Student: 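My questions will all concern the structure given below.
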Amino acid sequence: RVWHADPWELRGGFTNQQDNCSGLAFTSDGSRLASAYTEGTVRLWQLATETEERCLQNLEEDLTSFAMLPDNHTVVTGGSGGSLRLWDMVGAAHRPVAYTNWTVSLGFSSLATADGPTFARETLGAAARRFGFAFTPDSRGYIATDTNGSLALWDVRSIRVTERLTALGSNHWGLALSPDGRWLATGNTSGKLTVWDWSTRREATNFAMNAEWFGLLRFSRSGNFFFATVVDNAWDGRTRIWRTGQWQEVTPATMRSANIWSAELAPNDRTLAVGYGDGSIRLFDFATGEQQATLNNHAAQVNGLLFTPDGRKLISSSLDRSTRIWDVSAGRESAMLHGLVGFAIALTPDGRRLATGGELPESAVKLWDPIAGREVLSLPGRGEFFGQVAFSPDGSLLAAISLSGIANLWRAPSWQEIEAADKADAVPAASH
């Protein structure tokens with residue numbers, strides 16, 4: 001954390017490192033901060049932009065002591081193995097910025113079941129921010145935030161980086177990409193929300209918010225509005241809404257209160273659903289802010305809301321480990337999905353399949369038929385407590401991010417695979 005000295009006010013924070021910090025030093029002009037970590041990295045930060053300028057790595061030993069020389073670019077570190085090292089932080093001799101935490105497995109594992117082939121899974125490594133993942137509109141790539149807070153564009157077929165988004169800085173916690181691919185929104189742990197023009201990779205606007213960190217960032221299904229859920233120092237959730245393009249805040253007065261953890265607009269942008277920490281869900285007329293209904297069956301914080309594509313059903317997930325489906329016009333529950341679910345939800349573009357994030361590796365994600373309210377498939381994965389799930393726009397890919405930062409990617413079977421499985425099931429058992 002960085003504070004202003006007079007008066008004492010929190011200025012910002014950096015979250016790119018997850019190991020112990022063993023030393024800090026400002027440059028003499030106060031524009032940069034250098035830090036050393038026990039796992040062997042030295043980082044240089046730009047205070048004004050809250051971004052990481054350099055990351056120098058020595059993986060041979062822990063760093064236990066640290067100092068900056070008066071030239072403002074040479075730092076000295078002492079290691080647990082007894083070494084003393086000099087580092088050039090800004091000169092031509094410095095090493096290029098390198099992020100090695102995002103490890104990628106290129107292999108596939110077939111998840112065979114009695115019903116034939118299902119999704120094939122790839123593990124993308126233990127380095128994804130919990131809310132830092134979004135598919136591109138063409139479903140050919142995804143944007144991911146690693147634990148260093150840096151962004152990259154990945155190809156879904158090769159699972160390789162196609163572009164390092166260094167111009168967008170670092171220290172990001174979560175992100176969202178608009179349905180048309182025009183806007184990329186990122187949020188960091190000091191409460192700064194930045195909107196980028198995705199085609200030009202240039203900043204369009206930014207907002208400073210009173211927040212300890214950002215929760216899930218979302219664009220509405222129409223793309224006309226943007227939602228940001230923030231958590232403050234008192235662990236209280238608040239959600240704010242902006243109109244895209246103009247970036248004018250349009251949060252209804254009825255939502256300007258605490259204990260709001262999720263919000264979602266119907267596809268026609270008329271009905272606003274708001275989820276509260278006490279488990280209640282309230283439906284509002286978005287234009288007037290008038291409350292239309294209250295849904296009270298959840299027993300704990302409502303952390304996810306989704307309307308079906310036709311707007312007739314509302315799906316909610318809660319920390320009471322349940323996912324419920326509601327009839328919007330009747331204002332009543334129509335189904336409850338049983339099991340260890342409720343941490344995150346996602347719908348296929350056609351609304352025919354619902355994915356829920358679980359808490360255990362053996363049931364990382366469950367697929368449901370939301371109309372019938374029945375489980376279709378359970379997908380094992382790596383990690384625990386899957387707080388973000390997402391379908392690609394074409395519905396062929398499913399991603400789930402665990403609390404610890406492990407990203408899992410599943411590919412749906414092709415129609416050829418499904419037909420082959422159906423033919424195999426039709427063969428008499430004696431011939432198998």
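Bear in mind the structure is a predicted one, so any value in this text is a computation, not a measurement.
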Student: Going through the checks in order, is the side chain to side chain donor-acceptor pair (under 3.5 Å) test met by Ser334 and Asp327?
Tutor: CA-CA 6 Å; Ser334 59; Asp327 186 310; over 6 Å; no
Student: Could you check whether His172 and Thr145, counting side-chain N and O atoms only, form a donor-acceptor pair closer than 3.5 Å?
Tutor: no
Student: Do Phe307 and Glu264 make a side-chain contact, defined as non-hydrogen atoms from C-beta onward lying under 4.5 Å apart?
Tutor: yes
Student: Check the orientation of Phe219 and Phe226. Use parallel for under 30°, tilted for 30 to 60°, and perpendicular for over 60°.
Tutor: tilted
Student: Would you please say whether a donor-acceptor pair under 3.5 Å links the side chains of Thr229 and Thr239?
Tutor: yes
Student: How about Glu362: does its CD atom have over 12 heavy atoms from other parts shown lying under 6.0 Å from it?
Tutor: yes
Student: Got more than 12 heavy atoms from elsewhere within 6.0 Å of CZ, Arg201?
Tutor: yes
Student: To the nearest 0.5 Å, what is the distance between CD1 on Ile345 and CZ on Arg324?
Tutor: 13.0 Å
Student: When you compare the side chain of Val2 with that of Trp45, does any pair of heavy atoms fall below 4.5 Å?
Tutor: no
Student: Taking C-beta and beyond as the side chain, do Leu354 and Leu337 meet within less than 4.5 Å on heavy atoms?
Tutor: yes
Student: Should Asn408 and Val365 count as side-chain neighbours, where that means a heavy-atom distance under 4.5 Å?
Tutor: no
Student: Step by step, work out the salt bridge (charged side-chain N to carboxylate O under 4.0 Å, His left out) result for Glu53 and Arg32.
Tutor: CA-CA 9 Å; Glu53 183 177 330; Arg32 291 176 172 83; 2.8 Å; yes
Student: Is there a side-chain contact between Trp198 and Leu153 in this structure, where contact means two heavy atoms from C-beta onward sitting under 4.5 Å apart?
Tutor: yes
Student: Would you indicate whether Glu203, at its atom CD, is surrounded by more than 12 heavy atoms from other residues, nucleotides or ligands within a distance under 6.0 Å?
Tutor: yes
Student: Could you check whether any side-chain heavy atom of Lys313 comes within less than 4.5 Å of a side-chain heavy atom of Pro370, counting everything from C-beta outward?
Tutor: no
